[in-house]
Amino acid sequence: LSPTALPASELAPALARAGVLVPTCAPGVYVQDARFEAVVQAVARAVRAKAAGAERLRFAPVMPRADLRQLGYFRSFPHLLGSVHCFCGDEVEHRALLRAHNGGADWSGADRASDLVLTPAACYPLYAALAGRGAAPPNGWTVEVQGACFRREPSDDPARMQSFSMQEVVHVGAPLSVLTFRDDWVVRAENFLIGLGLSPRVEIASDPFFGRAAAVLKRAQRTQALKYELKLPVSSDEHWTACVSANLHLDGFTNAVGLEMADGEIAHSACVGFGLERVALALFRTFGVELDRWPEPVRTRLAVM
Ligand code: AMP
Ligand code: ZN
């Protein structure tokens, strides 16, 4: 244990006091200072290096509602979705809105759901983009993506943000190549975290599905070992936080967007997702608030300062 390590209960207060990660009035939405941002960017750089050879694509923090619908998101995670609503009224409606606004009443009535939603995971906009290219080449595609994600899960736990950033490496290709990619990345991600001086635990996991089918979906996901999580102690020593996940989608997404291999075989997909703030928080927890007191190998590895 590093002498500068923070107890779990001290992580959020210490970061807030130091001005590194400061809460706003909305739970799970933070102000990050240059030190936090430097660590997040350093982790992102290190992941990028690990994914050398992958094509790089960047998407907006919003994506077409139609594309998310096609992936079936609304069936599984309606409770996590952030939807973009915009004022679409005329001047009469604007006057009514202003009266409500100035009187302190609810003035959101004139907002209508737009054709955009907030991106819930960095890889979601990728599948439609790849489908637009036609059939996958023999070796498939391997793409590195990074972006702002939104999930409606307000919490005071600094590791559970509503707005956070995720870096993913995604492979779309023949079923066996995709399975191998996912399994390889469980090990690569584990070594990556160990290389940063962290001690992850690898677990089979399931997603927080919504509604009546949730129990069945969770069980199926676990028995088929579709999702692995790499967990670290961040804001609790009893309940470790998933900082990286490695997911096998089988043909769930590829089928939805009509992605095939050139020989007509069905394509599969898998992704490994790094929660950049979560890895950063695990580092602050393990080595303390002051970056210049972090162990030399970790600083060198991340090239911070
Ligand atoms: P998931 O798609 O749920 O497997 O998420 C991929 C990765 O994003 C996780 O392993 C976390 O590191 C990160 N992540 C998920 N939800 C949050 C959140 N609410 N706040 C911060 N990071 C998150
Ligand atoms: Zn993904």
Side-chain angles (χ1 to χ4, degrees), residues 11-12 21 23 26-30 32 36 40 43-44 47 51 54 57 59 63 68 71-73 76-77 79-82 118-130 141-172 178 181-182 185-186 189-190 192-193 198 200-210 218 221 226-235 239-250 252-254 256 268-283:
L11 178 66
L21 187 72
V29 180
Y30 293 86
Q32 307 179 355
F36 197 88
V40 163
V43 173
V47 173
L57 292 177
F59 299 103
M63 64 178 283
L68 197 62
L71 296 177
Y73 192 82
S76 298
F77 310 110
H79 56 309
L80 297 179
L81 183 76
L118 302 179
T119 306
C123 74
Y124 280 125
L126 177 65
Y127 305 100
L130 291 181
W141 287 296
T142 304
V143 185
E144 179 255 312
V145 296
Q146 186 195 316
C149 298
F150 177 89
R151 291 183 189 175
R152 184 67 178 165
E153 40 186 5
S155 165
D156 291 329
D157 176 357
R160 186 167 299 282
M161 298 177 163
Q162 294 200 70
S163 180
F164 57 97
S165 47
M166 201 190 288
Q167 187 165 27
E168 297 198 53
V169 192
V170 187
H171 182 48
V172 174
V178 166
F181 167 92
R182 198 283 305 265
W185 266 101
V186 173
E190 189 181 12
F192 174 81
L193 295 175
L198 304 171
R201 195 160 74 199
V202 182
E203 283 179 13
I204 289 185
S206 57
D207 284 314
F209 296 103
F210 185 83
K218 279 189 177 200
Q221 200 179 22
L226 298 182
K227 186 180 187 78
Y228 284 91
E229 284 179 343
L230 284 86
K231 294 189 161 184
L232 292 165
V234 181
S235 35
H239 305 287
W240 288 26
T241 302
C243 294
V244 185
S245 64
N247 308 288
L248 184 62
H249 315 128
L250 303 174
F253 291 158
T254 44
H268 279 197
S269 68
C271 69
V272 55
F274 291 76
L276 295 178
E277 289 85 358
R278 284 188 178 179
V279 176
L281 283 166
L283 288 164

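As the structure lists them, so they are numbered: ligands from 1, and atoms in each ligand from 1.
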S.K.: Does the N or O separation between Asn247 and ligand 1 drop below 3.5 Å for any pair?
M.R.: no
S.K.: In terms of residue, atom name and distance, what is the protein heavy atom nearest to atom 8 (O) of ligand 1?
M.R.: Met166 CE, 3.5 Å
S.K.: Tell me whether Lys227 reaches ligand 1 (any heavy atom closer than 4.0 angstrom to a ligand atom).
M.R.: yes
S.K.: Give a yes or no on whether the ring-centroid distance for Phe36 and Tyr30 is below 6.0 angstrom.
M.R.: no
S.K.: Nearest to atom 14 (N) of ligand 1, what protein heavy atom do you find, and at what distance?
M.R.: Phe164 CE1, 3.5 Å
S.K.: What are the protein N, O or S atoms, given as residue plus atom name, that sit under 2.8 Å from the Zn ion (ligand 2)?
M.R.: Cys123 SG, Glu168 OE1, Cys271 SG
S.K.: Are any side-chain N or O atoms of Gln167 and backbone N or O atoms of Glu144, one a donor and one an acceptor, separated by less than 3.5 Å?
M.R.: no
S.K.: Identify the two heavy atoms, one from Phe181 and one from Val169, that lie closest to each other, and give their separation to 0.1 Å.
M.R.: CZ-O, 3.6 Å
S.K.: Taking distance alone, with N or O pairs closer than 3.5 Å, would you say Gly275 contacts ligand 1?
M.R.: yes
S.K.: Please classify the Glu277 to ligand 1 contact at 4.0 Å (heavy-atom distances, strictly less than): side chain, backbone, both or neither.
M.R.: neither
S.K.: Applying salt bridge (Lys or Arg N to Asp or Glu O under 4.0 Å), can you list everything that pairs with Arg151, at least two apart in sequence or on another chain?
M.R.: none
S.K.: Answer with side chain, backbone, both or neither: which part of Ala159 has a heavy atom less than 4.0 angstrom from an atom of ligand 1?
M.R.: backbone
S.K.: Without swapping roles, check the side chain of Glu277 against the backbone of Ser165 for a donor-acceptor pair under 3.5 Å.
M.R.: yes
S.K.: Nearest to atom 3 (O) of ligand 1, what protein heavy atom do you find, and at what distance?
M.R.: Arg151 NH1, 2.8 Å
S.K.: Has ligand 1 got any nitrogen or oxygen that is less than 3.5 angstrom from a nitrogen or oxygen of Asp207?
M.R.: no
S.K.: Are any of the N/O atoms in Met161 less than 3.5 Å from those in ligand 1?
M.R.: yes
S.K.: Side chain, backbone, both or neither: which part of Val244 has a heavy atom under 4.0 Å from ligand 1?
M.R.: backbone
S.K.: Judging by distance only, is a nitrogen or oxygen of Ala242 under 3.5 angstrom from one on ligand 1?
M.R.: yes
S.K.: Between Cys243 and ligand 1, which residue portion shows a heavy-atom distance shorter than 4.0 Å: side chain, backbone, both, or neither?
M.R.: backbone
S.K.: In terms of residue, atom name and distance, what is the protein heavy atom nearest to atom 17 (C) of ligand 1?
M.R.: Arg278 NH2, 3.3 Å
S.K.: Looking at atom 6 (C) of ligand 1, what's its closest protein heavy atom, distance included?
M.R.: Ser245 OG, 3.5 Å
S.K.: Taking only residues two or more places apart in sequence, or in another chain, which ones meet Leu250 in a side chain to side chain contact (heavy atoms under 4.5 Å, CB included)?
M.R.: Gln224, Leu226, Leu248, His268
S.K.: Could you tell me which residues satisfy side chain to side chain contact (heavy atoms under 4.5 Å, CB included) with Phe253, sequence neighbours excluded, listed by chain and number?
M.R.: Leu71, Tyr124, Tyr127, His249, Ser269
S.K.: Using a 4.0 Å heavy-atom threshold (strictly under), name the region of Glu229 that reaches ligand 1: side chain, backbone, both or neither.
M.R.: neither
S.K.: Let me see the working for Ile204 and Tyr228 under side-chain contact (heavy atoms from CB on, under 4.5 Å), right down to the final yes or no.
M.R.: CA-CA 5 Å; Ile204 289 185; Tyr228 284 91; 3.6 Å; yes
S.K.: Quick one: are Leu21 and Leu281 in side-chain contact, heavy atoms under 4.5 Å?
M.R.: yes
